[in-house]
Amino acid sequence: MNRLISAACLAALALAAGPAAAQDPNFTRNLAATCAPCHGTNGKAIPGAGQVPLAGEAQETIASRLHEFRAGTRPATIMHQIAKGYTDEQIKQLAAWFAAQKK
Amino acid sequence: MLNRRDFIKTLGATAGVATLGGCAGGASKARGHVVVVGGGYGGATAAKYLRLWSNGSVDVTLIERNTEFISCPISNLVISGDKALADITVSYEGLRKWGVRVVHDSVLGIDAEKRTIKLEKGGEINYDRAILSPGVDFLWDQVPALKSADAQAKILHAWKAGPQTVALRKQLEDLKDGGVYALTIPKAPYRCPPGPYERISVIADYFKRHKPKSKVIALDANPEVTSKKGLFTKAWDELYKGIVDYRPNSELRDVDVANRTAILEFDKVKADVLNVVPPQRAGDIVAKSGAKLANGRWAEVDWLSLESVNAKGIHILGDSTLSAPLMPKSGFMANQHGKVAAAAILNLLAGEAPNPEPFMTNTCYSFVDAKNVIHVASVHRYDAEKKTLIVVPGASGVSAQRNEIEAAYAIGWAKNIWADALA
């Protein structure tokens with residue numbers, strides 16, 4: 001049964017994330033958690049603290065910002081350095097994950 | 001601009017994530033009891049995320065001797081008089097709301113075979129997996145005159161935030177204008193690489209504003225500034241000419257406590273306020289646990305799970321670890337260790353292997369005066385061949401120049417990371 005659930009999760013992930021093979025079912029959740037010290041647990045930043053909240057933002061907005069930071073075309077203090085840490089696929093996964101979180 | 005193909009992909013991705021949330025990967029299958037020793041940046045984060053990611057299916061006990069969390073990051077601003085201790089203090093009540101059993105006690109020992117932890121007051125507790133996140137302890141043998149508690153109350157370290165932070169602030173307030181503050185910096189690695197340089201900067205700023213005839217002397221055991229060198233030295237040249245006297249290759253040998261004098265190999269430096277950051281190693285409980293230490297100092301861990309390479313079932317986080325390449329001993333990094341360990345432990349408790357591709361990020365903000373900040377940042381990913389985390393090529397850097405925008409971000413970061421760990 002557990003194996004079946006895992007298989008279902010992996011299948012869902014394959015649909016969500018494309019052809020990534022043998023990725024941990026919680027890969028994206030874990031990757032997104034690296035952002036939380038600035039952007040809040042599950043992307044819910046403390047209002048007014050200065051950092052942009054990510055939870056519930058449009059997937060397209062998050063992805064395009066990360067691409068622009070990575071390309072150096074969007075002004076940044078720090079995100080132009082951090083965004084270079086992620087592949088196109090990972091940016092897509094992060095954007096989808098944060099977009100799916102409740103605001 | 002969303003074309004139809006992308007729109008369908010978007011839908012698919014969102015639906016996929018929702019489905020995954022529903023079955024929650026391996027996390028919901030995890031059962032067991034995890035005991036976390038040390039409620040700092042690493043341990044508190046691990047405790048919360050074990051509860052969050054298991055949907056409460058895993059029992060978590062946090063052992064912490066202090067009744068409140070006091071942050072080392074931002075504590076230099078308490079020393080400079082720009083913040084109060086209350087501003088950097090956070091309650092453990094938030095973790096209790098997550099269902100973490102928070103116990104204020106000290107750990108006497110851990111038995112990796114029997115999987116038990118012995119407490120000073122609370123007897124023995126069993127665990128399925130243990131996390132040790134005790135931070136650092138000091139190598140007083142390398143500063144012999146400071147071995148006694150009495151000496152340590154006079155010559156402060158203030159390298160663990162709390163009473164020492166307040167006491168150092170008091171010494172600086174009592175200093176007469178024209179007095180000398182000297183800080184000794186140990187050879188790397190030590191907790192918070194930019195911390196000593198931030199400290200001398202914000203104390204110089206305090207002097208400049210309130211005691212302009214006073215001086216700051218930095219006695220650095222390292223051959224050069226170990227973090228954000230260009231930005232710090234530029235700040236000292238431009239803001240604190242005649243105030244900051246930075247001396248590299250100046251390793252402390254001992255201290256003359258009564259005369260507040262730092263004893264170096266070929267020199268003695270007398271100060272009115274002498275502040276010694278001693279050499280450090282993994283926290284005592286890590287040394288007692290039987291975990292393998294590199295050079296008798298730092299715990300060697302499997303970076304997929306933060307489990308000790310030899311003491312099975314014991315995961316070690318934060319400053320106590322033998323750092324991966326270019327990985328600082330920082331609160332941010334301890335937070336990231338806590339999450340990689342939490343995810344790995346939930347997989348292991350569910351009978352599955354840890355995530356083979358962990359990521360970690362780091363950002364350290366440093367104040368160079370009360371209003372201006374500089375950062376260093378990096379993204380690290382696991383390299384299966386090297387069996388460690390490496391910086392993703394290109395994904396690191398420092399501030400272009402000191403600036404006020406990042407001072408706001410630094411305070412915002414502190415609020416967010418405290419909430420991420422403790423609320």
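Computed over heavy atoms, backbone and side chain alike; hydrogens, waters and symmetry mates excluded.
- Only the backbone of B:Pro354 comes within less than 4.5 Å of a heavy atom in chain A; its side chain stays farther off.
- If you measure heavy-atom distances from B:Val398 to chain A, the contacts under 4.5 Å come from the backbone alone.
- Within the model, atoms OH of B:Tyr49 and CZ of A:Arg29 stand 10.0 Å from one another, a figure rounded to the nearest 0.5 Å.
- Taking NZ from A:Lys44 and CG from B:Asp420, the interatomic distance works out to 11.5 Å, rounded to the nearest 0.5 Å.
- Ranking B:Met360, B:His375, B:Lys415 against chain A, the residue ahead of the rest is B:His375, based on heavy-atom pairs under 4.5 Å.
- The shortest non-hydrogen separation linking B:Tyr409 to A:Gly50 is CE2-O, 3.6 Å.
- Considering only residues two or more places apart in sequence or on other chains, B:His337 meets the side-chain hydrogen bond (donor to acceptor under 3.5 Å, both in side chains) condition with none of them.
- Around NZ of B:Lys234, the count of heavy atoms belonging to other residues, nucleotides or ligands within 6.0 Å does not exceed 12.
- For chain A, no part of B:Ala342 is nearby; none of its heavy atoms comes within less than 4.5 Å.
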Exercise for review: Apply side chain to side chain donor-acceptor pair (under 3.5 Å) to the pair A:Thr41 and B:Lys48, showing each step before the final yes or no.
Suggested key: CA-CA 10 Å; A:Thr41 304; B:Lys48 171 175 159 176; 2.9 Å; yes

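- Proximity to chain A at a heavy-atom threshold of 4.5 Å picks out B:Phe332, B:Asn335, B:Gln336 from residues 329-336 of chain B, in numerical order.
- For B:Phe359, there are no ring-ring contact (aromatic ring centres under 6.0 Å, His included) partners two or more places apart in sequence or in a different chain.
- Proximity to chain B among residues 66-82 of chain A is limited to A:Thr77, A:Ile78, A:Gln81, A:Ile82, judged by heavy-atom separations below 4.5 angstrom.
- Side chain of A:Asp24 to backbone of B:Pro356: no donor-acceptor contact under 3.5 angstrom is found.
- Considering every non-hydrogen atom in both B:Asn416 and A:Cys38, the closest pair reads ND2-O, 3.1 Å.
- Here the closest heavy-atom approach between residue B:Lys339 and residue A:Ala33 is recorded as NZ-O, 2.8 Å.
- When each of B:Ile405, B:Val340, B:Val392 is checked for heavy-atom pairs under 4.5 Å with chain A, B:Val392 comes out on top.
- A:Asn30 and B:Ala343 get closest at one heavy-atom pair: ND2-CB, 3.6 Å.
- Checking A:Asn26 against B:Asn355 by side-chain atom types alone, no donor-acceptor pair falls below 3.5 Å.
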